[in-house]
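To start, the structure under review is shown below, and the notes come after it.
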Amino acid sequence: MTYDLILDKAALRRALALCTKPTALDFETTSLRPIDGRVRLAQLRNDELRCVVDFDQIPGGFAACAGLFLGLGPWVVFNSGFEMRWFLAAGAAPDIIDVGHLRRARMGGGRFSLADMVLWDLEKVLEKTEQVSNWAAPELTDAQLEYAIKDADVTFELYQHWTGKTTAAHDRAAQLLDDMTLGVIEMEEAGMLLDRRAHRDLVRRWEEIRDELATQVRSLIPEEDVANLNSNPQFSDFFSRIFPDRVLSVWPKTEKTNQLEISGEALSKMAGLFPGTPIETALDALSRYRKIQKYLSSFGQTVIDTAARSADGRVRARFNVGAARTCRFSSSGPNLQQVPRDKKLFASDDDQTRVRKSFIAPPGSLLVSYDYSAIEMRVLALLSGDDQLLHDVVFGDVHSEVAAVIAGHKIDKKTPEGKAARSAAKGVSFGIIYGSAAGGLSITMRTTLEKAQSYIDFWAARYPRAFAYRFLMQEEAQSTGFLTMNDGGTIYLGKKNADLPKCANYPVQRAALSVMARAITRHKATLDRLRGSGELDRDRTMLLATIHDALIDEALEDQAEIVKQAMAEDMTQAYLDFFPGAPTDNLIEGGVGPNWADLG
DNA sequence: CGAGAACGCGCG
DNA sequence: AAAGCGCGCGTTCTCG
């Protein structure tokens, strides 16, 4: 099968005249980002068109032609963020459908390449060796052109494959993801500013603490016994040698290799068996050493280096749309969704982690952030139609309510007993959302099987519809292999894998994501409108991040209130998009401040 | 020497 | 029958 090589604008217009229907589109570019490269080729493919456009042969290149793609298509692509970036750089934002989103709408989310989809869905091997070839060469080889058109071919095949397997409901779910493209690009391009001096000071303090703890551990466990303080196998071997069987038998073991678990939790637990002894001191010191070492390796110098590599001192992460099974986002390179909350490093002293304090707004600007309160509990109540749960989560404090009934009387959140009771109740409710049974719950709550079961029984009696909803979802998955989501999408589980934890949690996690997806889409549109009208500064107002149930913006100091109001409105309306008429009382919580930690 | 498994842990 | 959900990343260690 042959393809047309398009080398002038008139021929491009003729080809585009055939693109008033879904048409696969793929670019080959001279770099990964518009800032330092250009679109060399565009490949177009539908049932009556198969062509490669060489923009180096057209005066003005792609930038002079991008507008011609508007009002056509929709353009079917793999990874909408990539193609959209090049369109945006050329001042156009055409209608785009991501075939990956179609797959996610039907099967559930995940991170995968075009080659993965071709293998899984078309059962073919996609050759990728030409992908990194020189797309700036004056004369492209036949192999390059053949490779280029092949990507458009498979993209079109994948589109046909998935439209044959999806319904209008799936299309809505895919659209929900497609619609976030512009907002996500804004977040990824903005990045978060790091206060490198403050963070460097923090890292130095961490290093002091780590060195002190290492000395403590070393005074009791010399190098001859354990050469590397970061090595779990070495500690497992050493402890296996020195401790008697009665100790080893209660030491938690690792899953795959059945070694001694060298986790903070296991170390603290085992330390508790030797009160007032040097063993307790050593195990506690090791537990602390591990914690601080984690902070240093994950959130220390590497974060400073990442910021220092960018021209403006910002940390730019990726926000991967639909990356989780439930289509939740993931973040990577670095993962901004796992930056530690600012809190005490160790319960017994005053050192703070303060990592979020290092992420700042530039001079003259502020950060603005809102998050949804207890969104998963809310959506479980709404999905299941459980009025009691909805009432408790909206107008009260579910955890305190549950704690009160378990205790048989009102609890006081200020007393240690009250705190413990509430914390236990929290464990029960999370257990319900995670679909846990008495066995799992008794382990995480560190209680007996009987007590765990009684908590579950209580929860089931107070919130019968929410409790039963999870089993209804499981029944669906066991009979069809699929779970149906609130946004019209489905997640493939397979009848055999329809266990309660997944069937209980996926619909809830997905519903929360669907609300956030609408929030991002609405908020991006709102910011664009206010920037367009001049009410907000065009260059210094931006969407920075989504942390699952939260949004973060940056805005000029005297415009932060406007942005805050807009964010609150957008997030509230987004929730109503999926749950019209639902109560919005205490739905969101937010603030404005100079850094990520201090958002009053 | 590089890839990948295993572990542990940060976040929601 | 058995079952707490979802991620990404740094480190160590094994394997080929």
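All values reported here derive from a predicted model rather than from experimental measurement.
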(request) May I ask you to decide if the ring planes of A:Trp206 and A:His199 are parallel, tilted or perpendicular, using 30° and 60° as cut-offs? (result)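 Rings of A:Trp206 and A:His199: perpendicular, over 60°.
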Let me know the distance between [atom1] of [X] and [atom2] of [N], rounded to the nearest Å.
| X | N | atom1 | atom2 | answer |
| --- | --- | --- | --- | --- |
| A:Gln301 | C:dC9 | CD | C1' | 17 Å |
| A:Tyr295 | C:dT11 | OH | P | 16 Å |
| A:Leu286 | C:dT11 | CG | P | 17 Å |

(message) Just verifying a value: how many Å separate A:Leu286 CG and A:Leu213 CG, rounded to the nearest 0.5 Å?
(response)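 It is 9.5 Å, given to the nearest 0.5 Å.
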(request) Identify, with sequence neighbours excluded, every residue that meets side chain to side chain contact (heavy atoms under 4.5 Å, CB included) alongside A:Pro233. (result)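 With neighbours one apart ignored, the set is A:Ser231, A:Gln259.
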(message) Tell me every residue that passes side chain to side chain contact (heavy atoms under 4.5 Å, CB included) with A:Ser429, counting only those two or more places apart in sequence or in another chain.
(response)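 A:Ser429: side chain to side chain contact (heavy atoms under 4.5 Å, CB included) contacts with A:Met377, A:Val398, A:His399, A:Val402, A:Trp459.
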(request) Would you please name every residue forming a salt bridge (Lys or Arg N to Asp or Glu O under 4.0 Å) with A:Lys524, sequence neighbours left out? (result)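 A:Lys524: salt bridge (Lys or Arg N to Asp or Glu O under 4.0 Å) contacts with A:Glu186, A:Asp528.
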(message) On the nucleotide C:dG8, are OP1 or OP2 found under 4.0 Å from the side-chain N or O atoms that A:Ser330 carries?
(response)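 For A:Ser330, the contact criterion (side-chain N or O under 4.0 Å from OP1 or OP2 of C:dG8) is met.
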Determine which pairs satisfy salt bridge (Lys or Arg N to Asp or Glu O under 4.0 Å) with at least one residue from [range], sequence neighbours left out, and list them in order.
| range | result |
| --- | --- |
| residues 289-302 of chain A | none |
| residues 489-507 of chain A | none |
| residues 587-600 of chain A | A:Lys357-A:Asp598 |

(message) Please identify the 5'-most and 3'-most nucleotides of DNA chain B with any atom under 4.0 angstrom from a heavy atom of chain A.
(response)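 From 5' to 3', the first and last contacting nucleotides are B:dA6 to B:dG12.
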(request) Just need the stems in DNA chain C: three or more back-to-back Watson-Crick or G-U pairs, each with both distances under 3.5 angstrom, sorted by first number. (result)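 Runs of three or more consecutive pairs: B:1-12 with C:5-16.
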(message) Heavy atoms within less than 4.0 Å of DNA chain C: which residues of residues 477-506 of chain A have one? Give them sorted by number.
(response)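 Correct list: A:Leu500, A:Pro501, A:Lys502, A:Asn505, A:Tyr506.
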(message) I need the residues from residues 337-350 of chain A with at least one non-hydrogen atom less than 4.0 Å from DNA chain C; give them sorted by number, or say none.
(response)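 Hits under 4.0 Å, by residue number: A:Gln338.
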Please tabulate, one pair per line, each protein N/O and nucleotide N/O from nucleotides 14-16 of chain C that are separated by under 3.5 Å, including the distance.
none

(request) Can you check whether any acceptor in the base of C:dG6 is under 3.5 Å from a donor in the side chain of A:Arg328, or vice versa? (result)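 Yes, a donor-acceptor pair under 3.5 Å.
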Which pairs of donor and acceptor atoms, one on a side chain in residues 317-327 of chain A, lie under 3.5 Å apart (sequence neighbours left out)?
residue: A:Asn320; atom: ND2; partner: A:Ser330; partner atom: OG; Å: 2.9
residue: A:Asn320; atom: ND2; partner: A:Ser332; partner atom: OG; Å: 3.1
residue: A:Arg325; atom: NH1; partner: A:Met107; partner atom: O; Å: 3.2
residue: A:Arg325; atom: NH2; partner: A:Tyr492; partner atom: O; Å: 2.5
residue: A:Thr326; atom: OG1; partner: A:Arg328; partner atom: N; Å: 3.4
residue: A:Thr326; atom: OG1; partner: A:Gln509; partner atom: OE1; Å: 2.5

